[in-house]
Each structure stands twice: as structure tokens, then as C-alpha cells.
Protein chains: 2
Amino acid sequence: MRAVNVSERVPMLPNSSSSMPPMRERSEKARAVLEGAFQVFMAQGYAAASMDRIAATAGVSKSTLYSNFQDKEGLFLALMQEMTFASRQEAFALLSQADLQAPPQQVLRQIAVCMLDSFEQNQPLLTLMRLVIGESDRFPEVAKTFVTDITKPMLDQLTLYLSSQTQLQLPDPVIAARIFAGSLVHYLIIQKLLHGDDVLPLERDRMIDGLIGMITAQQSPAP
Amino acid sequence: MRAVNVSERVPMLPNSSSSMPPMRERSEKARAVLEGAFQVFMAQGYAAASMDRIAATAGVSKSTLYSNFQDKEGLFLALMQEMTFASRQEAFALLSQADLQAPPQQVLRQIAVCMLDSFEQNQPLLTLMRLVIGESDRFPEVAKTFVTDITKPMLDQLTLYLSSQTQLQLPDPVIAARIFAGSLVHYLIIQKLLHGDDVLPLERDRMIDGLIGMITAQQSPAP
DNA sequence: CGCGAACCATACTAAACGGTTTAGTTGACA
DNA sequence: TGTCAACTAAACCGTTTAGTATGGTTCGCG
């Protein structure tokens, strides 16, 4: 361990809930390694990525790489933990950005737009999803962490909000939340990950409108 | 090419629409190679799979492998084409197995059960989906083929049926089909691919019931 | 019988892989 | 000034990779 100056960079948040992941108290080099690992792993996948390329991309020697992480698998796991944790706040901020006093149609639209923006603009999140799915067989813990830290909080928030809107008369808010999030995520997978925009074009606003219309149409017989 | 006896195995369907994929007119060895490639690629992914292991699994020499396929990428593309084509009929048979005269709730339940069964029992289809998503960056054509040959036909059929059920008064059947299929596929991804059954348990019947209830509740004010 | 095609096992090449080791450099601290 | 930990580039190890080459065996067909 290098002696670390107190003035270097204080995390300022002690870990959100002081749980498992040893977050930002990594050495400067270790963070550089993770940055390089991010680029290479995301672009090439786990098996195709080489430690040499990661070291080169990180601007770091291979020795440093192995002094900060046990091996290739350890580096990959650390990166995935880091990325999943970094994306947690986006999942948690879904409702906090919406004006909850507005009518449900408006709130749901804000949430949907926020979700699609998180995935569309933030390419890392989309790439992370592809990697998590693609490697879910060899790294089941990574997949579970993703579900626990990102999918579940998102669904829980949605369920909570939908439950609170009693005038929607949703018979099963848990399922409604699944339908809402699932339809949007599936839309993203088809259009963005699988390049379906060419063969199955579908404008984002039409998807959002239709989805909200279906969820809010549970009780209203249409005037 | 080996001289092939007419009595060997006739495809019996000349290619469904005589399109691109050169189907079953492969030599016996080539089919063995594809079978081995299927096992190894599905278990290890593209980069981690080795041609030696594929040859061994297929019970075939490496020479045979390279005499039937140009290189690793060519073998992978051929396999993906073959698998996607083989899964087409499952996607096309969605409506043909349902009793279209029954009330929509019943038909939609049959379709949903049929879909989930296709993916749950038929592990290959689920594995194919993971592979297609995982390699969608390095093999975009594979992803596009998947969408064109599996996703699009499925959605088209659903849209057609939903449009025909005018009493459902769906404002946008295209979107309704997306919601229906998307919710189910997302359910499969979370529960089966990402091993979410532990952390986010959700029984399949509850999902189906809720989904059908939401789609068929467009106009009925509940008695 | 003999031709030729398809197959087999084996061994090879050149390169890349994960991981280790070596020798040498830097900079903070006592 | 001397020490020590962290770093560097580079070589190295044994293994594995994709792909090719060789030589021998089987088998249908004329």
C-alpha cells in the first residue's frame, strides 16, 4: 500500500450504506486499471479481452495490474461490482426526479423518459446490460448483483408509486411495474442492442404513449 | 461433396420459402460439426470456444471442420443461421396452436403459455437469446437475423390477432403486442437468464394473469 | 482393380494468452 | 543519505489458440 495523503480525494460519501463493496478507497493506479478494464471488457467481452491490452489501455504495466487485482477474473468481478454500484443511483433516482403531485399519466411519462434516457444516452448502462446477460452463465453472481442492485430497486419504486395511485385501480401493482419496466427494457434490447431499428422501427414516444395508455386505462371506460 | 443417396433423408420441406439459408443439404459430417459447434459455442460463447474442442465434441477431425467451413467465424455464422431458422417455426406456430374462436382471455393465455414453454423447456432458445445479445456487438448481422426471423414474426402475429379482436378496443395493437411479448421476454430474462428467481421471485401464472388482465381491461369498467 | 474423394490422427507453425519474474527507476520519509 | 514500497519495461514460462500440412485409411464407382 502506498502512503496516501489525506488531501488527495475524499469519497465524501462513506459508502451509502457501508455494505460490501470497497469503493473509492482504491489507489490511483487501481482506478486507472479499472478504467482500462472497463474499456476493453466492454468492447471485447470477458474471454476476448487480454490483460496485455488492458494494461496498455490503462497506461500501466502488467505488474501493477496484478499487484492490484488477483487475476483476470478478480479484475472482471471488481469492475462489474464497481459499474453496478455506480448505476445504482440512476435506478434509485427514478422517482425523485418526478413531480409526484402531477397526474399519474404525467408522472409515468417522466419515469419512462428518465428510464430510456438513462439507457440510451448512458451507453455504459446498455453495454453493462449486454455484458451481464452475455456472461450470466459464467458469472451468475454478477447477474444476481445486477438484479439485486438495479432491477429490484427500480421495480420496487415503481410498485410503490403505482400502489399509491389508488385511482388507477390496478389489481396487481407488482405486475403492473413489471409490465411497465419490462416493456421499456425489451424495447431497448430490441431497438438498441439487437439493432432492430432497421427492421422493426418504432418511435419511442409511440411506445411510451401506448404503454401509459394501457396502464391508466384500467378503470376508465373512455368518455 | 459426397455422393448422396436419394433415400438418405429428404428435408420434405424445400426450405419454406426457398430463401437464403442452405438448410439440410449439408453432408452428414457437416451436420456433426454443427452439432458440436452448437454445444461448445452455447456453453462457452464465441471467444472462449476453441476449434479443437468443437472438433473433439463433434467426433470429427479438425481437417473435416475446416473442409466444411471457412473458419471459426464462418462456422459460428452458419450455426447461428441454422439455429435461428430452426426456431422460426416455434415463433410462427404461436397462433396456429390456439383456438382462435375462444374468448381473447383464453387465446392470450394459450399464447403466453406457449411462449414461455418455448423458452423455458427449450433451453436452446434461451441460450440462443443470451448468445445473440452477448455477441450483438461483434456480430450485428446475427442480431438482425434474430429480430427478423423470430421477434418480428412473433410480434406480427400478435398484432394481427389483437387487431382482429375489435371488442378489446385497443388503441394501438402494435404497441399492445410489444407490451405483451416484451413483458414476457423480460420476465424470462430476469428470472431465467439473470437467475432472478432467488432475489425477485414471481410465479409465472401471476405474471400471465396480470398481463392478460391489463390488456383486456382496456374497455371493461369491471362489473 | 484402381481412381479419387472424403475422412482420420497427428504434428506442425506462428502468434497470443495468463501469469511470473527480473532488473531498474522513482519519490516519500527518517 | 539510506530505506522501502510502488512503479516501470521487458523478458520469460508453459499453455493454448487458429489454421495448415502430411500421410494413411476407408469407400463408392467405373
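Source: prediction; values computed, not measured. Convention: sequence-line order gives letters A, B, ...; per-chain numbering from 1.
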Nearest-nucleotide pick for [X], side chain only, options being [options]:
X	options	result
Val60(A)	dT8(D), dT20(C), dG19(D)	dT8(D)
Ser67(A)	dC7(D), dT20(C), dG19(D)	dC7(D)
Tyr66(A)	dT8(D), dC8(C), dG19(C)	dG19(C)
Ser50(A)	dA9(C), dC17(C), dT17(D)	dC17(C)

Measure the distance from [atom1] on [X] to [atom2] on [N] and round it to the nearest whole Å.
X	N	atom1	atom2	value
Arg53(B)	dT15(D)	CZ	C1'	13 Å
Tyr46(A)	dC17(C)	OH	P	14 Å
Phe69(A)	dG19(C)	CZ	C1'	16 Å
Phe76(A)	dG18(C)	CZ	P	14 Å
Lys62(B)	dT16(D)	NZ	P	13 Å
Asp52(A)	dA15(C)	CG	P	16 Å
Met51(A)	dC13(D)	CE	P	21 Å
Asn68(B)	dA5(C)	CG	C1'	13 Å

*Would Asp117(A) and Arg204(A) satisfy salt bridge (Lys or Arg N to Asp or Glu O under 4.0 Å), going step by step from the backbone distance to the final call?*
CA-CA 11 Å; Asp117(A) 280 350; Arg204(A) 153 190 169 140; 3.0 Å; yes
_Leu200(B) backbone acceptor or donor facing Gln191(B) side chain under 3.5 Å_ =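 Answer holds: yes.
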*asked:* Treating Tyr187(A) as the side-chain partner and Leu202(A) as the backbone partner, does any N or O pair qualify as donor plus acceptor under 3.5 Å?
replied: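 Side chain of Tyr187(A) to backbone of Leu202(A), a donor-acceptor pair under 3.5 Å: yes, one is there.
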_Phosphate-side-chain proximity, Ser63(B) and dT20(D), N/O vs OP1/OP2 below 4.0 Å_ =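 The answer is no; no side-chain N or O of Ser63(B) sits under 4.0 Å from OP1 or OP2.
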_Can you work out whether Thr64(B) or Glu73(A) has the more 5'-proximal nearest nucleotide on DNA chain C?_
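Per heavy-atom nearest nucleotide, the more 5' residue is Thr64(B).
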*Please work out if Ala30(B) contacts a base, only the sugar-phosphate, or nothing of the nucleic acid, heavy-atom cut-off 4.0 Å.*
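No contact at all - Ala30(B) keeps every heavy atom at 4.0 Å or more from the nucleic acid.
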_Over all strands shown, is Ala32(A) touching base, sugar-phosphate only, or nothing at heavy-atom distances under 4.0 angstrom?_
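Here Ala32(A) touches no strand at all.
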*Give the ring-plane orientation class for Tyr46(A) versus Phe41(A), where under 30° counts as parallel, over 60° as perpendicular and anything between as tilted.*
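Rings of Tyr46(A) and Phe41(A): parallel, under 30°.
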_salt bridge (Lys or Arg N to Asp or Glu O under 4.0 Å) evaluation trace for Glu135(B) with Arg138(B)_ = CA-CA 5 Å; Glu135(B) 309 288 349; Arg138(B) 254 161 307 184; 3.3 Å; yes
*Does any N or O donor sit under 3.5 Å from an N or O acceptor when you compare the side chain of Lys72(A) with the base of dG19(C)?*
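Such a pair does not exist between side chain and base.
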